[in-house]
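Every chain is numbered from 1, with letters handed out A, B, ... down the list of sequences.
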Number of protein chains: 2
Amino acid sequence: MTNSRITIKDLAERLNLSISTISRALNDHPSIGKKTTKEVKKLARELGFTPNTMASNLRRNKTQSIGVIVPRIDIHFHSHVISGIEETAYRLGYNVTIFQSRDSLEREIAVTEILQAKRVEGVIACLGLETTDSRHFARFNEIKIPLVFYDRVSKDVESSKVIIDDFDAAFRATEHLINTGCRNIAHIAGNRNTDIFKARVKGYKAALLKHDLEANENLIQYTSELSYEEGATCAKKLLTVTPLPDGVFCANDNTAISAIQVFKKANLRIPEDIAVVGFSNYPISSIMEPTLTTIDDRAFEMGQTAAKLLIRQIEDKDQNIASETIVIKTDLIVRDSTNRNPKG
Amino acid sequence: MTNSRITIKDLAERLNLSISTISRALNDHPSIGKKTTKEVKKLARELGFTPNTMASNLRRNKTQSIGVIVPRIDIHFHSHVISGIEETAYRLGYNVTIFQSRDSLEREIAVTEILQAKRVEGVIACLGLETTDSRHFARFNEIKIPLVFYDRVSKDVESSKVIIDDFDAAFRATEHLINTGCRNIAHIAGNRNTDIFKARVKGYKAALLKHDLEANENLIQYTSELSYEEGATCAKKLLTVTPLPDGVFCANDNTAISAIQVFKKANLRIPEDIAVVGFSNYPISSIMEPTLTTIDDRAFEMGQTAAKLLIRQIEDKDQNIASETIVIKTDLIVRDSTNRNPKG
DNA sequence: TTGTAAGCGTTATCAG
DNA sequence: CTGATAACGCTTACAA
């Protein structure tokens with residue numbers, strides 16, 4: 001076995017054919033005789049020939065690859081999105097090259113440059129926390145590389161987007177608490193400046209409004225990053241409110257979990273005294289005690305949708321397809337933490 | 001802005017220089033005058049030139065990219081390994097292209113072929129569950145592409161490996177139970193045919209032996225895939241054993257969690273009546289009640305190590321570096337589920 | 001049905 | 001210090 005790899009030229013010499021014939025045979029070009037095609041493929045297999053995609057890509061000006069930028073791969077949500085992206089990209093014949101910004105703007109910018117040099121045919125990205133100005137993505141528009149954001153999307157840059165309907169999800173979560181008999185519902189909210197968390201607050205308020213319940217500001221506890229620890233702090237504060245809340249809608253599962261633990265320690269029964277709804281459907285939510293009612297954020301589906309959208313845009317590029325925003329509907333998963341069954 | 005991208009040829013024409021000068025200037029070749037270099041770079045920036053990596057790769061016969069095959073990206077362990085791989089690959093100037101086998105042998109084989117065509121310079125893989133014969137990876141040896149397995153490694157194929165010391169981890173987990181006063185320790189084990197789980201059983205037995213405790217076979221409950229549900233079944237069976245076990249070492253966190261829930265329902269106190277140790281350090285283990293003593297599997301570090309090892313082999317390829325097996329030592333994280341403090 | 005030859009955008013060798 | 005020119009391995013008019 002030689003060290004350097006077999007090329008179509010080698011095959012051509014062996015078979016006394018021209019390299020164009022070999023190339024065509026390998027690609028099942030109809031003008032090549034069945035017999036020749038068969039022979040070529042046979043020899044290719046025998047010699048362990050693998051086409052050099054780099055060369056073919058250069059020639060065809062294609063790479064069959066898409067770039068993905070996420071804040072961190074090891075976050076549950078993102079790993080599921082990536083899984084969805086890889087799954088549909090694979091089926092449609094594309095490779096996925098992945099980068100983490102680790103929430104650093106500097107690194108995010110560097111990665112956009114690498115992606116341009118690598119000549120990926122499209123980019124899927126979720127902005128990092130540091131990124132307020134996302135103009136480094138504008139370059140992709142100029143060079144006509146389709147761009148799809150998911151979850152944390154850009155406001156400055158023309159692009160397609162895949163997001164969940166945070167307002168609707170929060171609305172339904174809160175309405176579920178109301179239907180289950182809660183009348184004094186609190187909310188543990190995310191960062192005040194982040195769109196998705198603002199939308200959740202709005203959805204929460206809208207549901208209260210619809211059912212003629214007061215949206216009392218001191219029932220809303222804002223956090224900076226929805227951490228487990230912040231959840232506990234908020235829950236403790238809620239315990240000092242009178243009358244005591246009988247339901248809490250939390251903007252993620254972490255805070256819901258720590259709130260439940262605080263409430264249990266305070267000898268409150270879940271859901272009888274306080275019902276709790278989370279957001280994200282982390283694996284733990286179906287295991288903890290009580291199991292947690294939560295919103296499934298459809299991460300895998302978001303990834304699939306983003307990849308499908310992106311690849312459609314790649315393949316219809318001449319037609320200059322307009323940007324598109326796809327809103328994914330979430331599911332409310334009802335479990336024990338709200339199981340008070342008065343009204344459904 | 002023209003549709004087709006700027007090339008070094010364009011720069012050459014604009015500056016009345018030859019393309020070789022441009023190429024050298026762009027690569028900071030010492031033979032090019034400071035002034036010329038500066039001018040070239042300036043124009044490149046102005047025109048938004050990005051070097052075409054494909055062309056350069058073809059010419060240099062390099063791709064600066066490594067391929068990663070995992071069973072599923074969205075499994076906690078793998079997402080952390082991938083994160084570690086990406087992190088060190090990025091720092092060392094490599095891209096990572098990622099594929100899921102989804103535990104399908106057919107897909108795993110297809111992916112190894114894509115990786116060859118893509119001319120990745122090295123491969124990191126974790127075998128899928130279906131894979132018993134891994135000879136499809138042998139091709140990488142023939143064409144001198146460095147190969148590193150992690151976690152589920154190949155027996156048939158010469159390759160480097162990054163694994164954790166399952167025997168040692170199990171030994172220390174079990175010994176910790178003994179030190180904490182347990183004398184009748186059970187084990188919820190993984191699949192009998194899987195190496196890593198066999199090693200955990202051995203470690204468990206060795207620890208008992210060292211402390212002159214009997215390794216009673218009916219204290220070992222085997223599962224097929226260490227699922228949450230299987231854990232509950234095993235725990236219930238352990239409740240029927242006399243005398244009741246006073247400690248359980250579980251081969252993963254899922255089974256530890258469900259076992260604890262079963263024990264709690266049976267009105268046993270954790271850790272006073274039964275102490276429990278898990279394996280993997282899932283996020284839930286620090287949140288549940290009681291918090292779970294467990295083995296941290298160092299997923300991120302495994303990824304980093306695998307990437308470092310691989311890239312070293314890529315860059316020293318001429319020297320034909322031998323395969324290497326790196327065993328990563330795990331940490332025992334002591335939490336409340338074993339906090340009986342008799343002896344440390 | 002097959003062959004010839006140009007070219008994709010670089011880098012590298014050799015001259016000057 | 002700079003320029004011509006030949007590759008890298010493949011695809012694709014155009015010819016035969």
Checklist entry - Would one find a side-chain N or O of B:Ser31 under 4.0 angstrom from OP1 or OP2 of D:dC1? => result no
Checklist entry - For DNA chain D, what residues of residues 51-63 of chain B have any heavy atom nearer than 4.0 Å? => result B:Leu58, B:Arg59
Checklist entry - A:Phe77 vs A:Tyr150 aromatic rings, parallel, tilted or perpendicular, using cut-offs 30° and 60°? => result tilted
Next on the checklist: Does B:Asp195 form a salt bridge (Lys or Arg N to Asp or Glu O under 4.0 Å) with B:Arg152? I'd like the steps, not just the answer.
Outcome noted: CA-CA 8 Å; B:Asp195 291 336; B:Arg152 274 185 59 96; over 6 Å; no
Item to check | Residue of the set B:Leu115, B:Val70, B:Ile73, B:Val68 for which side chain to side chain contact (heavy atoms under 4.5 Å, CB included) holds with B:Phe99 | outcome: B:Leu115
Item to check | Interatomic distance, B:His29 NE2 vs D:dG3 P [rounded to whole Å] | outcome: 14 Å
Item to check | A:Asp28/A:Lys41 ion pair, N-O < 4.0 Å | outcome: yes
Checklist outcome for this item: Whole-Å distance, A:Asp28 CG to C:dT2 P, equals 14 Å
Checklist entry - Under the salt bridge (Lys or Arg N to Asp or Glu O under 4.0 Å) criterion, do B:Glu142 and B:Arg139 qualify, and how do the steps go? => result CA-CA 5 Å; B:Glu142 292 167 7; B:Arg139 185 85 188 107; 2.6 Å; yes
Checklist entry - Can you list the residues that meet the side-chain contact (heavy atoms from CB on, under 4.5 Å) rule with A:Arg91, with sequence neighbours excluded? => result A:Glu87
Next on the checklist: I need the CG-P distance between B:Asn27 and C:dG9, as an integer number of Å.
Outcome noted: 17 Å
Item to check | A:Gln64 side chain vs A:Gly93 backbone, donor-acceptor pair below 3.5 Å | outcome: yes
Checklist outcome for this item: Per the under-4.0 Å heavy-atom filter, residues of residues 34-44 of chain B near DNA chain D come out as B:Thr36
Item to check | Lys/Arg cation over aromatic B:Tyr90: A:Arg102, 6.0 Å, 45° cone | outcome: no
N/O to N/O distances under 3.5 Å, protein versus nucleotides 13-16 of chain C:
residue: C:dT13; atom: O4; partner: B:Arg24; partner atom: NH1; Å: 3.3

Item to check | Minimum-distance nucleotide to A:Ser18 side chain [options: C:dG3, D:dG3, C:dT11] | outcome: C:dG3
Show the atom names and distances, to 0.1 Å, of all donor-acceptor pairs under 3.5 Å that link a side chain in residues 30-37 of chain A to residues at least two apart or in another chain.
residue: A:Ser31; atom: OG; partner: A:His29; partner atom: ND1; Å: 3.0
residue: A:Thr37; atom: OG1; partner: A:Gly33; partner atom: O; Å: 2.9

Item to check | Charged N-O contact under 4.0 Å between A:Glu324 and A:Arg312 | outcome: yes
Item to check | Heavy-atom side-chain proximity of B:Ser160 to B:Gln313 below 4.5 angstrom | outcome: yes
Item to check | A:Ser101 side chain to A:Ser104 side chain, donor-acceptor N/O pair below 3.5 angstrom | outcome: no
Item to check | Nearest-neighbour nucleotide for the B:Thr7 side chain, D:dG3, C:dT2, C:dT10 considered | outcome: C:dT10
Item to check | Degree of bending, the helix from C:dT1-D:dA16 to C:dG16-D:dC1 (end axes from five pairs; round to 10°) | outcome: 40°
Next on the checklist: Donor-acceptor check, side chain of A:Thr305 to backbone of A:Glu301, threshold 3.5 angstrom: yes or no?
Outcome noted: yes
Next on the checklist: Rounded to whole Å, how long is the line connecting atom CD1 of A:Ile22 with atom P of C:dT2?
Outcome noted: 10 Å
Checklist entry - Hey, are the side chains of B:Leu127 and B:Ser154 touching, using non-hydrogen atoms and a 4.5 Å cut-off? => result yes
Item to check | Rounded interatomic separation in angstrom, taking CD1 from B:Ile19 and P from C:dG9 | outcome: 11 Å
Next on the checklist: What is the separation between atom CD1 on A:Ile6 and atom C1' on D:dC8, rounded to the nearest whole Å?
Outcome noted: 16 Å
Checklist outcome for this item: When rounded to whole Å, the CD1 to P distance for the pair A:Ile8 and C:dT4 reads 14 Å
